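We count residues from 1, following the sequence as given. It should be emphasised that the depicted structure is a prediction, and the values quoted were computed from it without experimental measurement.
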Amino acid sequence: MAHASSMERDEGSCVWRAPSNIALVKYWGKRKEQLPRNPSLSFTLDAAATTTRLTYRKKELAEDAISFDILLDRLPQEHFRPKITTFLKRALPYLPFIREFHFTVETSNSFPHSSGIASSASGMAALALCLADMEREWTTGYREEDFNKKASFLARLGSGSACRSIEGPLVLWGKIPGMQGSSDLYGMRYPLEMHTAFEGYRDTILLVDKGKKKVSSTLGHGLMEGHPFAAARFTQASKHLEAIGPVLESGDLEAFTEIVEREALSLHAMMMTSQPYFLLMKPNTIQIIELVWEFRRSEKIPLCFTLDAGANVHLLYPEHFSDRVNAFIQGYLVEYCEEGQYICDQIGFGAKKM
Ligand code: DP6
């Protein structure tokens, strides 16, 4: 990949908005420097996003130290420092100019930060895009087609799932035999055709627990090392990825539901059987799942759920069922959400420069 060849400016800034994403086939377990144990696939979201302004100013002396300030909604956020320091250190070999600058990272999320919705995917993607943009601006002969790849590669170093927040509507991360361009190093737009049934697909995020994550993903991924079911899980995820291709092409929503829900429950099964073990679902998570199953059976509407490493429930459904699903949420599910809160989102098309 290209490296910046000449640093022409002493200061400047750029702004990127990167969306969140929801994995259909989950990444859980990693090796070496942020490489996935199995391939994963996600819907890019639209409304849930992070906007980041990166301002850079050349340091008097190019020391080795990484130097930055970080603000969320204009307020300094020192607790983000370790994660961003790790990210910038990992990115340094690929963007040597990092050590020449002092950065100010000003970030804001479209969703409330106390929502229990992870902002690391959208946040790291937005920051990676700003850095990739600096490099692009300063590199002579930069190949435009490399930009998304480089941004995704960098985002991965910050948070694995962030590498799936550059493009949309469907992003694959991880090497799949026979799929050209697929890589463990970055996400790519899923190359197979997507059936029109998935256009405008909805994701309503029911906020069951708005508290901070009980188990950090880094710790959770680590627990897959030596996990008694790890090998079977990685094989299952690869099989799901193989199976979901034709399902996305044909629009078979029954098969889609089965894969997506099995993925969510397998992810939680891994956490429930690791050492130490965790239970991240709440009673309300299970109440919602049961009601979703009942609704699907009785109404014949292909509403399905998925989960991240937490108690919140993502409801996935076709756009044209929005009214009926919303009525169901209002009538039956909202009482299981903390303070009755949920976020309405839909499939999106990737990050944007602002
Ligand atoms: C359950 O990407 O947050 O959401 O690489 O340690 O930052 P790190 O982990 P992270 O893990 C996401 C796990 C997941 C599943 C998924 O998004 O694929």
Side-chain angles (χ1 to χ4, degrees), residues 16-45 48-52 54 66 68 70 72 77 79-95 98 103 105 107-111 113 115-132 148-168 171-174 183-188 212-224 267 271 280 307-310 312 314 350-351:
W16 277 84
R17 178 186 194 271
S20 188
N21 70 77
I22 179 68
L24 306 171
V25 176
K26 309 287 181 185
Y27 146 59
W28 198 243
K30 58 180 161 185
R31 60 191 173 87
K32 292 190 187 152
E33 196 168 68
Q34 296 288 96
L35 298 173
R37 287 281 186 186
N38 62 262
S40 59
L41 181 74
S42 50
F43 273 156
T44 304
L45 296 181
T50 300
T51 302
T52 295
L54 183 70
I66 295 220
F68 67 92
I70 165 77
L72 174 68
Q77 299 291 325
H79 61 281
F80 287 163
R81 186 168 288 283
K83 207 161 175 173
I84 294 181
T85 303
T86 304
F87 166 57
L88 293 174
K89 277 190 184 154
R90 286 179 184 159
L92 195 56
Y94 310 100
L95 298 175
I98 287 176
F103 294 99
V105 184
T107 187
S108 65
N109 296 322
S110 63
F111 42 89
H113 34 272
S115 62
I117 296 294
S119 57
S120 72
S122 53
M124 285 298 175
L127 181 54
L129 281 154
C130 291
L131 290 167
N148 283 345
K149 204 186 270 190
K150 182 69 181 267
S152 177
F153 175 95
L154 293 169
R156 188 198 96 239
L157 301 174
S159 178
S161 55
C163 80
R164 300 188 314 238
S165 274
I166 308 296
E167 295 182 85
V171 177
L172 167 72
W173 170 36
S183 170
D184 285 350
L185 299 174
Y186 41 79
M188 68 187 272
K212 203 178 162 302
K213 283 213 253 177
K214 305 286 174 297
V215 183
S216 78
S217 352
T218 304
L219 186 88
H221 288 288
L223 295 176
M224 288 304 279
L267 169 71
M271 301 190 259
L280 295 185
L307 308 163
D308 270 341
N312 297 331
H314 289 248

Keeping [X] on the side-chain end and [Y] on the backbone end, is there a donor-acceptor pair under 3.5 Å?
X: Lys26; Y: Leu307; result: yes
X: Ser152; Y: Asn148; result: no
X: Ser159; Y: Met124; result: no
X: Asn21; Y: Ser161; result: yes

Problem - By ring pair (Phe, Tyr, Trp, His ring centres under 6.0 Å) - contacts of Tyr27 (at least two apart) - result: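 Trp173, His221.
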Distance in Å, [X] [atom1] paired with [Y] [atom2], rounded so as to fall on 0.5 Å steps:
X: Asn312; Y: Asp308; atom1: CG; atom2: CG; answer: 8.5 Å
X: Lys83; Y: Gln77; atom1: NZ; atom2: CD; answer: 14.5 Å
X: Met271; Y: Leu267; atom1: CE; atom2: CG; answer: 4.0 Å
X: Ser40; Y: Trp28; atom1: OG; atom2: CH2; answer: 12.5 Å
X: Leu185; Y: Leu154; atom1: CG; atom2: CG; answer: 11.5 Å
X: Lys89; Y: Leu157; atom1: NZ; atom2: CG; answer: 14.0 Å

Taking all atoms of both residues into account, what is the closest heavy-atom pair of [X] and [Y], and its distance?
X: Ala91; Y: Ile98; answer: CB-CD1, 3.9 Å
X: Val25; Y: Pro39; answer: CG1-O, 3.8 Å
X: Gly174; Y: Asp184; answer: CA-OD1, 3.3 Å
X: Leu95; Y: Lys150; answer: CD2-NZ, 3.9 Å
X: Ser20; Y: Ser165; answer: C-OG, 3.7 Å
X: Thr44; Y: Pro19; answer: CG2-CG, 3.5 Å

Problem - Test log, rule side-chain contact (heavy atoms from CB on, under 4.5 Å), inputs Leu54 and Trp16 - result: CA-CA 9 Å; Leu54 183 70; Trp16 277 84; over 6 Å; no
Handout entry: Cation over ring face, Arg156 and Phe153, 6.0 Å, 45°
Key = yes
Practice task
Validate the cation-pi geometry between Arg164 and Phe43: distance from NZ or CZ to the six-membered ring centre under 6.0 Å, angle to the ring axis within 45°.
Solution key: no
Exercise for the section: Start with the C-alpha gap between Arg17 and Thr50, add the side-chain angles, then the distance that decides, and say whether side-chain contact (heavy atoms from CB on, under 4.5 Å) holds. Expected result: CA-CA 6 Å; Arg17 178 186 194 271; Thr50 300; over 6 Å; no
Handout entry: Within-4.5 Å side-chain heavy-atom neighbours: Phe87 and Pro82
Key = no
Problem - Contact check, side chains of Arg37 and Arg31, non-hydrogen atoms, under 4.5 Å - result: yes
Practice task
Test Lys149 against Met188 for side-chain contact (heavy atoms from CB on, under 4.5 Å), laying out the working first.
Solution key: CA-CA 7 Å; Lys149 204 186 270 190; Met188 68 187 272; over 6 Å; no
Practice task
Check the pair Phe103 / Leu131 against side-chain contact (heavy atoms from CB on, under 4.5 Å), numbers first and verdict last.
Solution key: CA-CA 10 Å; Phe103 294 99; Leu131 290 167; 4.1 Å; yes
Problem - Between Thr52 and Thr107, a side-chain donor and acceptor under 3.5 Å - result: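 A donor-acceptor contact under 3.5 Å links the two side chains.
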